[in-house]
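Quick note on labels: first sequence line is chain A, next is B, and so on, each numbered from 1. Because only heavy atoms are used, hydrogens play no part in the values below, and waters and symmetry mates are left out as well, while side chains stay in.
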Amino acid sequence: MSEQKTMWNQSKVEDFQDSLLTWYDQEKRLLPWREDTNPYRVWVSEIMLQQTQVATVIPYFYRFMEWFPTIQELAEAPEEKLLKAWEGLGYYSRVRNMQKAAQMMVEDFGGQMPDTITDIMSLKGIGPYTGGAIASIAFNLAEPAIDGNVMRVYSRLFCIADDIAQAKSRKVFDQVVRETMSQVRPGDFNQALMDLGSNICNPTAPKCDECPLKDYCQAYTEQRQTAFPVKTKKVKAVPVYYIGLVVKNQLGDYYMVQRPSDGLLANLWTFPLVEVSADEYAAMKKAWQVYLKTCQIEEAEITKISLFDRVAEETADDYLLEVNKRLIDNLPKQADVIWQTQPAGEVTHLFSHRKWHILVAYGQSIEENSRLFDLSGTWIAESEFQRYPFPKPQEKMLDILVKKGY
DNA sequence: AATTCGGGGTT
DNA sequence: AACCCAGAATT
């Protein structure tokens, strides 16, 4: 779109910086990673804060620093402990990349965070934003740290109409921020922009009357605050349908599998998930809803667990009403597992690009130890859950069982 | 340049 | 529901 020049003289730039920094000195949020500028703490906080709200990060930050007090200990940590530290935070490759970066620091940088922007940016998982944040906050280098907040603030300050969803727009903002940022207190300047973007210059209802930069803001002057930033919208999440296979054995252990080392929720643990078509899923859910409705009319006659083999052979009409035939047909056949004839519940979970729908099937295994459904899973006792990293959909499936009293 | 990576909060 | 968030790696 447009090449943006600030057209501010040196005096105006300095006044602008003073206004922002003075406001920051008075209003800055007290956050655990702001107690000092230790590069390790700054790094951990910045990785956690990628696409993640401050309030969410705080407890994770404390626990992470407790579990991995030094770069060396992070470099040597077992993966399951890493993932457990990240459980529920999302974007799990962040913590895997952090460990790789920690190992790079041990090997190439004396076990320390390097102190030049080039070396910092060479580390796994550290891109332009995070590199600039670490360089400026931990080492007082005059590097911009351009995230969604900063692009929103600057798009309003200078009425920059470039689409912030486009990668090429980043360099437009990079140039303007470099021209206007404090060379004396770059770390505080960058953090001030973040606090401003979070507390004042927010997306939908900016509090311009409280803003220390309103005298410098072109959008405010023109009363076009909500016209910025310009951002094209995202594509809708693609639906995916599963049956969740929840099997408990005589000891009360659950059968779980570890997800593949690549892709979504890599290496995390869940109940086995069997993908089904949208049509199959709709049929199973429909039969279930009809059943629930019927049960209410008949005052909640609970369907008992039935042997799979027996269910499959059953043909009597009054029995079929209780049996979700499509569900049973889609369940793996194994002689020592008996299944509930209706789903135990439904879980939905929205990711950035996928929407999972899971019908939860509940079964019991007669054998205490056996390999189920030709999957390389593991029987896990509830007392061992703290050792395994679970994603949110897994938590939701477990919640259903707990509420049902299974 | 577009897609793939989670999950929670706000409106 | 749609949108946002202290984004980076991969394709």
- [ ] Show your reasoning for whether salt bridge (charged side-chain N to carboxylate O under 4.0 Å, His left out) applies to Asp329(A) and Lys325(A).
- [x] CA-CA 6 Å; Asp329(A) 283 348; Lys325(A) 188 73 164 53; 3.3 Å; yes
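Following rounding to the nearest Å, Leu49(A) (CG) and dG7(B) (P) show an atom-to-atom distance of 17 Å. Here the P atom of nucleotide dA6(C) and the CZ atom of Arg170(A) are 16 Å apart, to the nearest Å. If you take CG of Asn267(A) and P of dC5(B), they are 13 Å apart, rounded to a whole angstrom. Atom CZ of Arg96(A) and atom C1' of dT4(B) are 13 Å apart (whole Å). Rounded to whole Å, the distance from OH on Tyr91(A) to C1' on dT3(B) is 11 Å. Going from atom CE of Met98(A) over to atom C1' of dG7(C) covers 14 Å, rounded to whole Å. In this structure, Ile47(A) places its CD1 atom 15 Å from P of dG6(B), rounding to the nearest Å. A straight line from CE of Met151(A) to C1' of dA6(C) spans 11 Å, rounded to a whole angstrom.
Taking a cutoff of 4.0 Å between a charged side-chain nitrogen and a carboxylate oxygen, Arg34(A) and Asp195(A) qualify as a salt bridge. Between Asp163(A) and Lys231(A) there is no salt bridge, since none of the side-chain N atoms of the basic residue sits less than 4.0 Å from a carboxylate O of the acidic one.
Of the P atoms belonging to dC5(B) and dC5(C), the separation is 22 Å, rounded to the nearest Å. Comparing dT11(B) with dA6(C), their P atoms sit 14 Å apart, to the nearest whole Å. With P as the reference atom, dT11(C) and dG6(B) are 15 Å apart, rounded to whole Å. With P as the reference atom, dG9(B) and dA8(C) are 23 Å apart, rounded to whole Å.
At least one side-chain nitrogen or oxygen of Gln51(A) sits closer than 4.0 Å to the OP1 or OP2 atom of dG7(C). Contact annotation: His353(A) side-chain N/O to dT4(B) OP1/OP2 distance is not under 4.0 Å. Distances shown here put every side-chain N or O of Gln53(A) at or beyond 4.0 Å from the OP1 or OP2 atom of dT10(B). Distances shown here put a side-chain N or O of His349(A) below 4.0 Å from the OP1 or OP2 atom of dG7(B).
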Tabulate atom names and distances for all N/O pairs under 3.5 angstrom spanning the protein and nucleotides 8-11 of chain C.
residue : atom : partner   : partner atom : Å
dA8(C)  : OP1  : Gly127(A) : N            : 3.1
dA8(C)  : OP1  : Gly127(A) : O            : 3.4
dA8(C)  : OP1  : Tyr129(A) : N            : 3.4
dA8(C)  : OP1  : Thr130(A) : N            : 2.8
dA8(C)  : OP1  : Thr130(A) : OG1          : 2.9
dA8(C)  : OP2  : Tyr129(A) : N            : 3.3
dA9(C)  : OP1  : Gly125(A) : N            : 2.5

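DNA chain B is contacted by both Gln166(A) and Leu265(A); Gln166(A) maps to the nucleotide lying nearer its 5′ end (nearest heavy atom per residue). Heavy-atom distances to DNA chain B give each of Val235(A) and Lys392(A) a nearest nucleotide, and the one nearer the 5′ end belongs to Val235(A).
Among the atoms of the strands shown, base atoms are found under 4.0 Å from some heavy atom of Leu31(A). Ser93(A) comes within contact range of no nucleotide atom at all, as no heavy-atom separation falls under 4.0 Å. Within the 4.0 angstrom heavy-atom criterion, no nucleotide atom of any strand lies near Trp86(A). Counting any heavy atom pair closer than 4.0 Å across all strands shown, Arg259(A) reaches no nucleic acid atom. No engagement by Val150(A) is indicated, since no non-hydrogen atom pair under 4.0 Å with the nucleic acid exists.
At a cut-off of 3.5 angstrom, counting only N and O atoms as typed in the model, there is no donor on one side facing an acceptor on the other between the side-chain of Ser352(A) and the base of dG7(B).
Listed in residue order, the members of residues 184-207 of chain A having a heavy atom less than 4.0 Å from DNA chain C are Met194(A), Pro203(A).
Side-chain proximity of Leu264(A) to dA6(C), dC5(B), dC4(C): nearest is dC5(B).
Between the Gln258(A) side chain and the Asn267(A) main chain, a donor and an acceptor come within less than 3.5 Å of each other. Under the 3.5 Å distance criterion, the side-chain polar atoms of Thr52(A) are left unmatched by any main-chain donor or acceptor of Leu49(A). Of the possible donor and acceptor atoms, none in the side chain of Glu73(A) sits under 3.5 Å from a partner among the backbone N and O of Phe68(A). Of the possible polar contacts, none joining the Tyr281(A) side chain to the Tyr242(A) backbone as a donor-acceptor pair under 3.5 Å is found.
A donor-acceptor pair shorter than 3.5 Å can be found between the side chains of Asn149(A) and Arg152(A).
Looking at every heavy atom in both residues, Met194(A) comes nearest to Ala145(A) through CE-CB, 4.3 Å.
Geometric assessment of Lys285(A) against the ring of Tyr241(A) yields a negative cation-pi assignment under the 6.0 Å and 45° thresholds. A cation-pi contact, defined as under 6.0 Å to the ring centre and within 45° of the axis, links Arg63(A) to Trp67(A).
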